[in-house]
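Only this structure's heavy atoms are used, side chains among them; waters, hydrogens and symmetry mates stay out.
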Amino acid sequence: MTYCVGLKLSRGLVFMSDTRTNAGVDNISMFKKMFLWEAEGERSITIMTAGNLATTQAVVSLLNERSVAAEDRGALSIMEAPSMFQVAKLVGETLREVIADQSGVAGPQADSPFGASIILGGQVRSGEPRMFLIYPEGNFVEACDDTPFFQIGETKYGKPILVRAYNPEMRFEEAVKLLMVSFDSTLKANLSVGMPLDLHIYEADTFRHGPRRRIEADDAFFADISIGWGEKLREAFDTLPDYSLD
C-alpha cells in the first residue's frame with residue numbers, strides 16, 4: 001500500500017508521497033513513488049503512483065523511453081504534448097497499455113491485480129497549472145474548486161484534516177504542514193504506509209521544478225508536527241462538553 005497526496009493551490013501545486021510498498025513483520029520494501037520531468041522555461045511535470053509496483057515502474061520507464069526517443073516514433077511524448085490535458089491522455093493511455101499487456105486481456109479491469117492509479121500535475125507553457133487523477137482504465141478527472149486535492153493509496157486516515165483545513169490561498173509552508181499532519185495520521189493508523197516521505201512544490205508560471213525534499217524518519221520538524229498535533233487534539237478534546245448520563 002502507499003499514500004500520495006496532490007494539492008492544488010492558487011499559487012501552485014504541492015505533492016507528497018511515502019516510499020513504502022510492502023509491510024510485514026519481516027518484509028518492508030521502499031521504492032520511490034514520485035517522478036519528475038522538466039524542460040526548464042517550458043514545462044514541469046510530476047507524477048505520483050500507487051498500486052502494483054511492476055505496473056507503475058513499467059509506466060514510468062515507458063514515459064521516459066518515449067520522451068528520449070520521440071523523434072524516432074512519430075508520436076507525441078509527455079515532453080512534447082501541447083497541454084497538460086494531452087499529457088494526462090498520454091499517461092492514461094500508457095497505464096492502460098501496460099495493464100493490458102500484463103494481464104493478457106483486451107482491456108484493464110478496475111480490480112485487476114496489475115491495477116494502479118496515478119496523480120499527475122504540472123504546467124505547460126501557455127496553460128495553467130493543472131492536476132489529474134488517472135484511473136487504471138486510463139480515464140481521468142481534473143482537480144477543480146469542488147475537488148481541489150487528490151489522494152491515492154491508503155486515503156481514509158489522512159482525508160479528514162485535508163477536508164477541514166485546506167484553503168486554496170494558503171502559503172506553500174502551510175500546505176506542507178497540512179500534508180505532514182495528514183501523513184502523520186495515516187502513518188499512525190496503517191503500517192503499510194511508511195517514511196521517508198518525498199515532497200515537491202511547484203510554483204505557478206515558473207515552468208521549472210520547485211523545492212524538493214526527502215523527509216526522513218528522524219526529521220526534527222516532522223517530529224514536532226506529530227507531537228504538537230497529538231497534544232492539540234487532546235487539548236481540544238478536553239475542552240468539549242462531557243456527555244450527560246442523567
Side-chain angles (χ1 to χ4, degrees), residues 1-6 13 15-22 29-39 43-124 129-143 149-155 192-193 197-200 202 209 212 214:
M1 189 55 76
T2 187
Y3 184 42
C4 303
V5 184
L13 308 171
F15 307 87
M16 186 175 284
S17 66
D18 83 321
T19 52
R20 182 168 294 182
T21 59
N22 195 9
S29 302
M30 303 294 178
F31 285 91
K32 182 174 70 170
K33 302 166 190 173
M34 182 185 295
F35 306 90
L36 289 77
W37 290 262
E38 177 188 67
R43 71 185 60 207
S44 172
I45 298 170
T46 301
I47 281 177
M48 296 186 293
T49 62
N52 181 274
L53 183 61
T55 298
T56 58
Q57 287 188 338
V59 169
V60 171
S61 294
L62 280 174
L63 293 174
N64 280 328
E65 288 183 2
R66 291 168 178 177
S67 296
V68 172
E71 68 279 2
D72 300 326
R73 295 180 299 99
L76 290 177
S77 75
I78 62 171
M79 298 304 292
E80 299 170 311
S83 68
M84 283 302 300
F85 179 82
Q86 294 298 325
V87 173
K89 284 187 63 177
L90 288 171
V91 174
E93 290 167 2
T94 304
L95 176 58
R96 184 171 64 245
E97 172 191 344
V98 169
I99 294 176
D101 287 346
Q102 292 179 336
S103 62
V105 297
Q109 302 297 318
D111 58 354
S112 166
F114 302 104
S117 54
I118 291 172
I119 293 175
L120 162 71
Q123 187 176 16
V124 173
R130 301 173 75 176
M131 182 177 292
F132 302 87
L133 174 59
I134 302 174
Y135 298 104
E137 296 82 0
N139 56 333
F140 53 85
V141 294
E142 183 174 1
F149 61 84
F150 288 133
Q151 303 168 280
I152 53 176
E154 189 56 77
T155 62
S192 69
V193 178
L197 310 177
D198 287 327
L199 167 70
H200 177 225
Y202 174 73
H209 299 334
R212 285 169 281 174
R214 171 153 284 195

- Query: Is a salt bridge present between E38 and R212, judged by a nitrogen-to-oxygen distance below 4.0 Å?
  - Reply: no
- Message: If you take the centroid of each ring, where Trp contributes its six-membered ring, are F85 and F140 closer together than 6.0 Å?
- Response: yes
Spacing of [atom1] belonging to [X] relative to [atom2] belonging to [Y], to within rounding of 0.5 Å:
X	Y	atom1	atom2	result
F31	L53	CZ	CG	5.0 Å
E80	L90	CD	CG	9.5 Å
M48	I118	CE	CD1	11.0 Å
I152	T49	CD1	OG1	6.5 Å
R96	N139	CZ	CG	8.5 Å
L63	T94	CG	OG1	4.5 Å

- Note on the structure: side chain to side chain contact (heavy atoms under 4.5 Å, CB included) with I78: of V91, N64, L120, V124, only one passes, and it is V91
- Message: Tell me if a side-chain donor or acceptor on R130 pairs with a main-chain N or O of S83 at a distance below 3.5 Å.
- Response: no
- Item | Whether T55 side chain and F114 backbone form a donor-acceptor pair below 3.5 Å | yes
- Message: To check you understand the geometry: which heavy-atom pair defines the closest contact between V141 and Y135, and what is its length?
- Response: CG2-OH, 3.7 Å
- Note: G153 and A50 closest approach over all heavy atoms is N-CB, 4.0 Å
- Message: If we check side chain to side chain donor-acceptor pair (under 3.5 Å) with K33, which of these qualifies: D18, D198, T56?
- Response: D18
- Message: Counting C-beta onward and ignoring hydrogens, is there a side-chain heavy-atom pair between L76 and Q86 closer than 4.5 Å?
- Response: no
